[in-house]
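Since this is a predicted model, take the numbers as computed values, not measurements. Below, each value reflects all heavy atoms present in this structure, side chains not excepted, and no hydrogens, waters or symmetry copies. We name chains A, B, ... by the order of the sequence lines, and we start the count at 1 in each one.
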Protein chains: 2
Amino acid sequence: MTAAPVPRAEGSPAAADQAATPATTQGMTSTEVTVGVLGAGNVGSALIELIDAHGDDIETRTGLRLRVVRVAVRSMSKERGVALDPAIVTTDAAEVVADPAVDLVVELMGGIEPARELIVAALNAGKPVVTANKELLANVGSELADVAEANGVDLLYEAAVVAGIPFIRPLRESLVGEPISRIMGIVNGTTNYILSQMDTEGVSYGDALASAQSLGYAERDPTADVEGLDAAAKAAIMASIAFGVRVVAGDVANEGISKVSAADISFARRLGYTIKLLAICERFDDGSVAARVHPAMVPIEHPLAGVRDSYNAVFVEGDVVGNLMFYGRGAGGGPTASAVLGDVIDAASNLSRGTHASVGHLAKAKLRSVDDLASPYYVNVEVRDRPGVLAAVASVFGDHGVSIRSMEQEGLGDDARIVFITHESTERDVQACLSDLKRLEAVDRVASVLRVISE
Amino acid sequence: MTAAPVPRAEGSPAAADQAATPATTQGMTSTEVTVGVLGAGNVGSALIELIDAHGDDIETRTGLRLRVVRVAVRSMSKERGVALDPAIVTTDAAEVVADPAVDLVVELMGGIEPARELIVAALNAGKPVVTANKELLANVGSELADVAEANGVDLLYEAAVVAGIPFIRPLRESLVGEPISRIMGIVNGTTNYILSQMDTEGVSYGDALASAQSLGYAERDPTADVEGLDAAAKAAIMASIAFGVRVVAGDVANEGISKVSAADISFARRLGYTIKLLAICERFDDGSVAARVHPAMVPIEHPLAGVRDSYNAVFVEGDVVGNLMFYGRGAGGGPTASAVLGDVIDAASNLSRGTHASVGHLAKAKLRSVDDLASPYYVNVEVRDRPGVLAAVASVFGDHGVSIRSMEQEGLGDDARIVFITHESTERDVQACLSDLKRLEAVDRVASVLRVISE
C-alpha cells in the first residue's frame with residue numbers, strides 16, 4: 001500500500017488525549033490517518049466539522065486520529081458553513097488526490113466527471129475512497145469496484161442511497177449470506193413529503209410541490225426527484241449489492257409521481273392504502289432480477305405506509321431473516337456527513353490494518369422485462385353513466401385474463417368513475433387491457449393506473 | 001494466530017464451484033474456514049442448514065468456504081431439525097473448542113457457565129467466537145471483549161439483542177462516530193405480542209398471555225419476558241455499545257407489563273398513545289448514562305407505535321444523523337441464525353485476512369439514578385365521587401412540583417377515575433406525589449402509573 005498511515009509519535013497531541021482516557025484506550029497505540037476532501041458544500045462542511053468536534057471521541061473508541069489535511073473547493077471565494085485553514089484549501093482536486101500527505105480521499109463533488117477519474121486516480125494510488133455520489137455509482141459503480149479490488153483498497157458509499165440510514169453496510173456485511181428476494185424503498189424524501197402532504201392535507205400535487213420547494217425539500221427544477229430519476233439511481237445501487245449483479249441506472253424502469261391525483265390519494269385511503277413512490281428490486285427463482293421505480297398503493301398496515309414527510313425507509317424481504325426495515329433521514333448535510341464519517345472510520349481502520357472490504361466482481365445481471373412483472377393493479381376509469389357500461393368494461397378485463405378483486409363506482413354528473421383493484425396480473429396483460437378500454441366508446445378516459453403492493 | 005485458515009487446494013470442490021462462476025469470483029483464491037458449533041437447538045440447526053444450503057453463494061460472494069466440522073450437543077439421542085453426520089457430533093463442548101481442526105467457534109448453548117469458560121478457551125486459542133448469548137454478554141461481556149482484544153480475535157454477537165435485525169454492527173461501525181443521545185427499543189417479541197393483542201383485540205393481559213403461550217411466543221413460565229428481564233439484558237448490551245461504557249444487566253432498572261390493564265390500554269388509545277414495553281438507554285450531557293426497561297405510552301404517530309405483534313424495533317436518536325429505526329424479527333431460529341451467519345462470515349473473513357474487529361476496552365459507566373430521570377407521566381387514580389376531590393388530588397401534584405398537562409374524569413358508580421398526564425417530572429417527585437396521594441382519604445387507589453414518551 002503506498003499510503004501506509006504512520007503510528008503516532010509519543011507525546012503527540014493525540015497521545016496526550018489518549019493518556020487522558022486510559023481506561024477506554026487501554027494504551028492502544030493510536031494511528032493517524034490523513035483525509036483529503038473533494039467538495040466543501042453542505043456535506044463536506046458538515047463532515048469537516050464532525051471530524052473536528054468528535055476527533056477525540058473517535059480516537060478513544062477506534063485508536064484512529066483522523067486529520068483533514070487537504071480540501072478541494074469549486075471556488076476560493078464562496079462562503080461556506082465551516083472555517084477552513086486557507087493553507088489546506090485548493091481549487092485543484094487532482095492535486096489533493098495526488099498529494100502524498102493524503103492517505104484517504106472523500107469525494108463529495110457529485111456528477112460523473114471529473115469525479116470518476118479522480119476516484120480512479122486515488123484508488124490506483126492505493127488510497128481508499130469514500131463517496132456519496134449516487135449518479136456515479138449507478139452508472140460506473142462496478143467498474144470502480146473492480147479498480148478498488150485490483151488495488152486492494154476500499155471504495156465505500158454508505159451515504160449514496162439513504163444518506164444517514166445504515167443500509168449498505170448491513171446489506172453487504174450482515175446480510176451477505178442471506179437470500180434476499182425483494183427490496184422496497186422509499187428512497188426520495190422530496191416525493192415522500194409531497195405524497196404525505198397530499199394525503200394528510202388533501203392538497204393537490206401542484207400545491208404540495210410548491211410547499212416542498214418553499215421548504216427547500218425540492219429544487220426549482222424538481223424533475224430528478226418527481227420523475228423518479230434520483231430513486232432509479234438508488235435502485236440500481238441497491239439491486240447491485242443485494243443481488244451481487246451489475247445493475248445500472250439505465251436498467252431501471254421508472255415512473256414519477258406527477259400524474260398522481262388527489263382523487264387517487266382519497267380512493268387509496270378509502271380502500272385501505274396509501275400511495276408511496278417505491279424503488280423496488282426483486283430477484284426471481286430463475287436468477288433474473290428487476291429494478292423499477294413507480295408510485296404504488298401500499299396497504300395502510302404495511303410498515304412503509306407509516307413513513308411520512310421527508311423520511312426514507314428501506315424494506316427488505318429475506319428468505320431466512322424475514323422482513324426488515326431501515327428507517328431515517330435519507331438526505332441533508334448532517335445525516336449524509338454522519339454516514340460518510342462511518343465509512344471514513346471504516347476505511348481508515350482497514351487501511352491502518354493493511355486490509356480492505358472485499359466486494360467481489362459483479363456479474364452481468366439477467367434482467368426481467370417490466371412486461372413480465374406481476375402485481376395487483378388499481379385502475380381508475382371515467383365512463384358515460386349509462387346501463388351496461390360496467391359490463392362492457394368488465395368484459396375487457398376478462399378478455400385479457402385480468403381478474404377483478406374489487407370495484408367501486410361513483411357518479412360524476414352524466415359521467416361516472418369506476419375504480420377497480422385487480423388480482424395479480426402482468427404489466428403486459430394490463431397494458432393490453434388498458435388500450436382496449438380506451439377504444440371503448442363509453443370510456444371517456446383511463447384517469448389513472450397504479451400498482452398495488454400485496455402483503 | 002494459532003488458527004490460520006488454509007487456502008483451498010486447486011481442483012478442490014470449491015475451486016470447481018468457483019470455476020463455475022468465474023465472473024463473480026474473478027479467480028479470487030477461496031479460503032476454507034472450519035466452524036465448530038456449540039449447541040444444535042433451533043438456531044444451531046438453522047445455522048448448519050443455512051451454511052449447507054448457501055455455502056456456494058457465500059463462497060462466490062466472499063471467497064470463503066465455510067465448513068461445519070464439529071457440533072457439540074446436549075444429548076446424542078435428542079431429535080433435531082437437521083441431519084448431522086454422527087462423526088462430527090459430540091457431547092463434549094470443550095473438545096470442540098480445543099480441536100485444532102476448528103478455526104472458529106459459534107456458541108449457541110445459552111446461560112453463563114460453561115458458555116463463559118468455553119468462549120474464553122476459544123479466544124485464548126486464537127479462535128474467533130460468534131455468540132447469541134445475551135445473558136452472558138449482559139453480565140460478563142466487557143471481560144470477554146477484553147480477552148478477545150488481548151488475543152487479537154473477534155467476539156461478535158449481532159444476534160444477541162434483536163436477532164435477525166442488523167443493529168449491533170451498524171451501531172459499532174456505521175455509527176461509531178455518531179454522538180447517540182438515546183436508544184429506545186421494542187426488544188422483546190412476547191411482550192409486544194401481548195400488548196398488541198390487548199390493544200387490537202381488547203382482551204385482558206391474562207387472555208393475551210394465554211394466547212401468546214398457545215402460539216409458542218411465551219414460555220410456560222413467562223417471567224423472564226413479561227417482567228422485563230430479557231429486555232433488561234438487551235438494554236445493558238445496547239448501552240455498552242452505544243455509549244462505549246460498561247453497563248451490566250444489574251445496572252438496568254426494570255419493570256414488566258403484568259400490571260398493565262385493559263383500562264390503561266383504552267385510556268392510552270383515547271389520549272393518542274399506545275403502550276409498549278421499551279428498553280431505554282440514554283446518555284446525558286454530564287457523560288452519565290441510564291438504562292431502564294418499563295411499559296411506556298408511545299405517541300401514536302411515533303414510528304415505534306406501528307411495531308405490532310411479535311416484531312421488534314430499535315429507535316436511535318443521534319445528534320447528527322437524526323432519528324433512525326431498525327425493524328424486523330427479533331427472535332426465532334431463522335432470523336437468529338441469519339444474524340449469526342453474518343457474524344460468522346465477518347469473523348471468518350477477518351481471520352483469513354489476519355485482522356479483527358477492534359472494540360476497545362469499556363470504561364466503567366457513570367450511572368444516573370432512576371430517581372433523577374424525568375419524563376411526562378400518566379397517572380390513573382380511583383377516588384370517591386364527591387365534591388372537592390379533584391382539587392384535593394390536584395393540590396398534591398402541585399405540592400410536589402408535578403404540573404398537570406391534561407386530566408380526564410369518568411364516573412364509576414359512587415366512585416370516579418381520574419386520569420392525569422403530567423408535564424416532564426422526575427421519578428423522585430412523582431413517587432413522593434404518589435405516596436401522598438395514597439394517604440388522601442378520598443383516594444381509593446392509584447390504579448396505574450406509566451411513563452410517557454415525549455416526541
Side-chain angles (χ1 to χ4, degrees), chain A residues 21 23-26 28 46 50 54 57-58 60-63 146 149 158 164-166 169-170 173-179 244 301 303 306-308 313 318 320-329 332 334-335 337-339 341-342 344-346 349-350 353-355 358 360-364, chain B residues 21 23-26 28 46 50 54 57-58 60-63 146 149 158 164-166 169-170 173-179 244 301 303 306-308 313 318 320-329 332 334-335 337-339 341-342 344-346 349-350 353-355 358 360-364:
Chain A
T21 55
T24 50
T25 55
Q26 212 183 20
M28 207 193 283
L50 212 48
H54 301 288
D57 290 359
I58 293 167
T60 301
R61 287 194 174 213
T62 66
D146 292 347
E149 193 67 46
E158 180 64 79
I165 308 172
R169 179 176 286 104
E173 299 180 6
S174 311
L175 300 174
V176 65
E178 173 74 27
E301 314 73 31
V307 179
R308 301 184 186 86
V320 181
V321 78
N323 297 337
L324 299 173
M325 188 170 82
F326 303 81
Y327 168 98
R329 289 266 173 223
S338 174
L341 177 58
V344 168
I345 292 170
D346 193 9
S349 144
N350 285 339
R353 292 182 279 146
T355 177
S358 179
H361 179 72
L362 296 180
K364 193 168 178 335
Chain B
T21 55
T24 50
T25 54
Q26 212 181 20
M28 208 193 281
L50 211 49
H54 301 287
D57 289 359
I58 293 167
T60 301
R61 287 195 175 212
T62 65
D146 292 347
E149 193 68 45
E158 180 64 79
I165 309 171
R169 179 175 286 104
E173 299 180 6
S174 311
L175 300 174
V176 66
E178 173 73 27
E301 314 74 31
V307 178
R308 302 186 186 84
V320 181
V321 78
N323 297 338
L324 299 172
M325 189 170 81
F326 303 81
Y327 168 100
R329 290 267 174 222
S338 173
L341 177 58
V344 167
I345 292 170
D346 194 8
S349 145
N350 284 338
R353 291 182 280 145
T355 177
S358 179
H361 178 73
L362 296 180
K364 192 168 179 337

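- To the nearest 0.5 angstrom, A:Glu178 atom CD is 7.5 Å from A:Leu324 atom CG.
- Most heavy-atom pairs under 4.5 Å with chain B, from the set A:Ser174, A:Gly334, A:Gly328: that is A:Ser174.
- Residue B:Phe326 comes nearest to B:Pro170 through the heavy atom pair CE2-CB, 4.0 Å, listed as atom of the first residue, atom of the second, then distance.
- In terms of heavy atoms, A:Ala339 sits closest to A:Glu158 at CB-CG, 4.1 Å.
- Taking both residues in full, the closest heavy atoms of A:Pro179 and A:Val320 are given as CD-CG2, 4.1 Å, listed atom of the first, atom of the second, then distance.
- Of the atoms belonging to A:Arg353, it is side-chain heavy atoms, and not backbone ones, that fall under 4.5 Å from chain B.
- When A:Gly164, A:Gly342, A:Pro335 are compared by the number of non-hydrogen pairs under 4.5 Å with chain B, A:Pro335 comes out ahead.
- Atom CG of B:Leu175 and atom CZ of B:Arg169 lie 13.0 Å apart (nearest 0.5 Å).
- Proximity to chain B (any heavy atom under 4.5 Å) is shown, for A:Glu173, by both the backbone and the side chain.
- In terms of non-hydrogen atom pairs under 4.5 Å with chain B, the most contact-rich of A:Leu341, A:Asp346, A:Ile58, A:Val176 is A:Val176.
- Using a 4.5 Å cut-off between heavy atoms, A:Ile165 touches chain B through backbone and side chain atoms alike.
- For A:Asp57, no part sits under 4.5 Å from any heavy atom of chain B, backbone or side chain.
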